Visitor: 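The structure under discussion is supplied below as structure tokens; questions concerning it will follow.
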Amino acid sequence: MAQTLVPSLQCPKGIACNSRRMVSTKLWNSLLVPSHGRRSRKGGNAFKVLAVSTEKSGVVSRLEDLLNLDTKPYTDKIIAEYIWIGGTGIDIRSKSRTIAKPVEHPSELPKWNYDGSSTGQAPGEDSEVILYPQAIFKDPFRGGNHILVICDCYTPAGEPIPTNKRYRAAQIFSQQKVIDEVPWYGIEQEYTLLQTNTKWPLGWPVGGYPGPQGPYYCAVGADKSFGRDISDAHYKACLYAGINISGTNGEVMPGQWEYQVGPSVGIEAGDHIWCSRYLLERITEQAGVVLTLDPKPIEGDWNGAGCHTNYSTKTMREDGGYEVIKKAILNLSLRHQEHISAYGEGNERRLTGKHETASIDTFSWGVANRGCSIRVGRDTEKKGKGYLEDRRPASNMDPYVVTSLLAETTLLWEPTLEAEALAAHKLQLQV
């Protein structure tokens, strides 16, 4: 029987566990995919808790029984997991509350609060931060009618706190010119999986390095692909939750993966990416693996991690849209530094001009060129309409910031005629 090397897992108190052990693929899969056995009921839990014991005991079984309880036959009440972004701008926080009955829209949910002094978002003497529900997703961990709630954060007086980037994004996406252009986003979220105790990439020898890059991108095989079960579990969890995930693949650096979300319209793109990140954090938590969105987790001749953002507007997608795309590229070139400053922390370690990146200091564009700031696909050039890909955002970027800034720069901001002419000449753009 095929075996899988399972990372260190937490075991119930009083039960001895080896720090690493071989577990059958059948058992590993049973922990990550829906159960179709005797406990499978409509509305039941979609994912089992990841808890393995090397000794026979009823403790894990009883815990699993409780976690997988279907509450629908016994109560109309549901559990809502309120999710928000913490003080670093990249950390995700959440807590649960009981709601009297199932809901269909965020407006049906109550506001809530939390201790902002414990998340770096408020002083201790005035620590209350208010959560405003903004988007609802199905909860793949609890199943049933239970939900995940994406929230943004405000002061008791109703003012958005500094880390609330959704508020400003919503303002931009509510502009009539932006609404009329129906901006679409397809976001490619790259991430790296690390071994828990060493913080070294999954599948890498501790303190050492695997063979050079080349065999790992979209690869199969135990010596080339590390963490596929996590990627697949996350894929299914996103589909269950209602996230518009469109694909996934192994990346160039071993232990690194990517998934794509979109096409999503406007503010929805940010909501879906943040919820997908929450699911990934929860799944790696259960698997005993550390998730990092660092844009350059390993220095040297290894690819970094980005969050390439594909973008189009209604006029870009229509006949003659290629000219609109070129005008958008011109605008983006004139605000290059403003975009770079908003595209993620540590991005200077990634945007070096190597490893499929452009230099952070220079704006560039090209057709089918992955070493440029902005890439246009061959198909877009051929058809004369389509989309552009902004390859500058780092893996730890805030999707609310990136998506709204793209809309603002290409739809709402107008350069001077002189600046436009100089930029067009420099970029060899005829607009």
Side-chain angles (χ1 to χ4, degrees), residues 1-9 20-36 46-48 50 52 140 186-196 198 200-206 208-240 243-262 276-277 279-294 296-298 300-308 310 355-356 368 370 395:
M1 180 183 293
Q3 303 285 318
T4 303
L5 185 60
V6 180
S8 177
L9 304 172
R20 299 179 69 85
R21 58 201 161 277
M22 301 304 293
V23 178
S24 72
T25 300
K26 181 178 180 182
L27 177 55
W28 175 250
N29 288 340
S30 75
L31 301 170
L32 294 172
V33 300
S35 171
H36 300 291
F47 291 87
K48 288 174 174 285
L50 186 58
V52 179
I187 300 177
E188 306 169 22
Q189 176 70 69
E190 294 179 341
Y191 61 93
T192 308
L193 300 174
L194 305 178
Q195 301 169 48
T196 305
T198 63
W200 202 237
L202 199 65
W204 289 37
V206 176
Y209 296 86
Q213 293 183 154
Y216 310 108
Y217 174 68
C218 296
V220 295
D223 59 339
K224 296 179 287 293
S225 179
F226 313 110
R228 185 184 301 278
D229 282 339
I230 291 172
S231 175
D232 283 353
H234 178 251
Y235 201 158
K236 288 187 175 182
C238 285
L239 289 172
Y240 181 96
I243 293 168
N244 193 23
I245 188 170
S246 51
T248 186
N249 60 268
E251 266 304 329
V252 177
M253 191 184 86
Q256 192 177 90
W257 290 82
E258 176 189 299
Y259 63 92
Q260 304 88 36
V261 173
S276 72
R277 287 176 175 178
L279 294 180
L280 189 55
E281 288 277 14
R282 286 284 306 275
I283 289 167
T284 52
E285 171 191 317
Q286 290 185 350
V289 172
V290 175
L291 167 69
T292 179
L293 298 182
D294 189 293
K296 187 71 174 179
I298 302 295
D301 195 16
W302 304 97
N303 276 33
C307 209
H308 304 154
N310 301 279
H355 304 110
E356 302 181 56
R370 296 180 184 275
S395 51

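Excluded from the calculations below are hydrogen atoms, water molecules and symmetry mates; all remaining heavy atoms, backbone and side chain alike, are included. Keep in mind that what you see is a predicted model, and the values were worked out from it rather than measured.
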Visitor: Within this structure, what is the CG-SG distance for the pair N244 and C238, rounded to the nearest 0.5 Å?
Guide: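 If I round to the nearest 0.5 Å, the distance is 10.0 Å.
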
Visitor: Looking at side-chain heavy atoms only, is the closest gap between L279 and H234 below 4.5 Å?
Guide: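 Yes, at least one pair of side-chain atoms sits under 4.5 Å.
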
Visitor: Which residues pass the side chain to side chain contact (heavy atoms under 4.5 Å, CB included) test with E356, not counting sequence neighbours?
Guide: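 If we apply the side chain to side chain contact (heavy atoms under 4.5 Å, CB included) test to E356, skipping adjacent residues, the hits are V252, N303, R370, R391.
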
Visitor: Would you say the side chain of C307 lies within less than 4.5 Å of the side chain of I187, judging by non-hydrogen atoms?
Guide: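 With C-beta onward as the side chain, the pair touches.
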
Visitor: Given side chains that start at C-beta, do those of Q286 and R282 come closer than 4.5 Å, heavy atoms only?
Guide: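 Yes, side chains in contact.
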
Visitor: Hey, what do you get for CG (L291) to CD1 (I230), rounding to the nearest 0.5 Å?
Guide: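 It comes to 9.0 Å.
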
Visitor: Table please: side-chain donor-acceptor pairs of residues 216-225 below 3.5 Å, with sequence neighbours left out.
Guide:
from : atom 1 : to   : atom 2 : distance (Å)
Y216 : OH     : G211 : N      : 3.2
Y216 : OH     : G211 : O      : 2.8
S225 : OG     : R228 : NH2    : 3.2

Visitor: With side chains defined as the heavy atoms from C-beta onward, is the minimum distance between I245 and L239 less than 4.5 Å?
Guide: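 SC-SC contact between I245 and L239 confirmed.
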
Visitor: So how far is it from I243 CD1 to Y259 OH, rounded to the nearest 0.5 Å?
Guide: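 The OH atom of Y259 is 7.5 Å from CD1 of I243, to the nearest 0.5 Å.
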
Visitor: State, with a plain yes or no, whether a side-chain heavy atom of Q195 is found less than 4.5 Å away from one of V289.
Guide: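 SC-SC contact between Q195 and V289 ruled out.
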
Visitor: Counting N and O atoms only, with roles assigned by atom type, does the side chain of S246 sit under 3.5 Å from a partner on the main chain of Q260, one being a donor and the other an acceptor?
Guide: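 Here the side-chain-to-backbone pair exists.
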
Visitor: Please tell me if the side chains of P201 and Y209 come closer than 4.5 Å, counting only heavy atoms from C-beta onward.
Guide: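 Not touching, per the 4.5 Å side-chain cut-off.
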
Visitor: In the structure I gave you, are the side-chain heavy atoms of L202 and L194 within less than 4.5 Å of one another anywhere?
Guide: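 A side-chain contact under 4.5 Å is absent here.
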
Visitor: Measuring from W257:CH2 to N249:CG, what's the distance to the nearest 0.5 Å?
Guide: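 Rounded to the nearest 0.5 Å, the CH2-CG separation comes out at 8.0 Å.
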
Visitor: So T198 and W204, side chain to side chain contact (heavy atoms under 4.5 Å, CB included) or not? Walk me through it.
Guide: CA-CA 11 Å; T198 63; W204 289 37; over 6 Å; no

Visitor: Between the side chain of T192 and the main-chain N/O of Q256, is any donor-acceptor distance below 3.5 Å?
Guide: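 It does not hold such a pair.
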
Visitor: Can you give me the closest heavy-atom contact between P254 and P210, atom names plus distance?
Guide: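 Nearest heavy atoms, P254 then P210: CG-CG, 3.7 Å.
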
Visitor: Does E190 use its side chain to pair, donor to acceptor, with the backbone of G306 at less than 3.5 Å?
Guide: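 Side chain of E190 to backbone of G306, a donor-acceptor pair under 3.5 Å: yes, one is there.
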
Visitor: Are the side chains of L193 and F226 in contact, using a 4.5 Å heavy-atom criterion?
Guide: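 Not touching, per the 4.5 Å side-chain cut-off.
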
Visitor: Any chance you could measure E258, atom CD, to Q189, atom CD, to the nearest 0.5 Å?
Guide: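 These two atoms lie 9.0 Å from each other.
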
Visitor: Supply the atom-to-atom distance H355 NE2 to M253 CE, rounded to the nearest 0.5 angstrom.
Guide: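 One gets 11.0 Å once the value is rounded to the nearest 0.5 Å.
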
Visitor: Would you say the side chains of S231 and T248 form a donor-acceptor pair under 3.5 Å?
Guide: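 Yes.
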
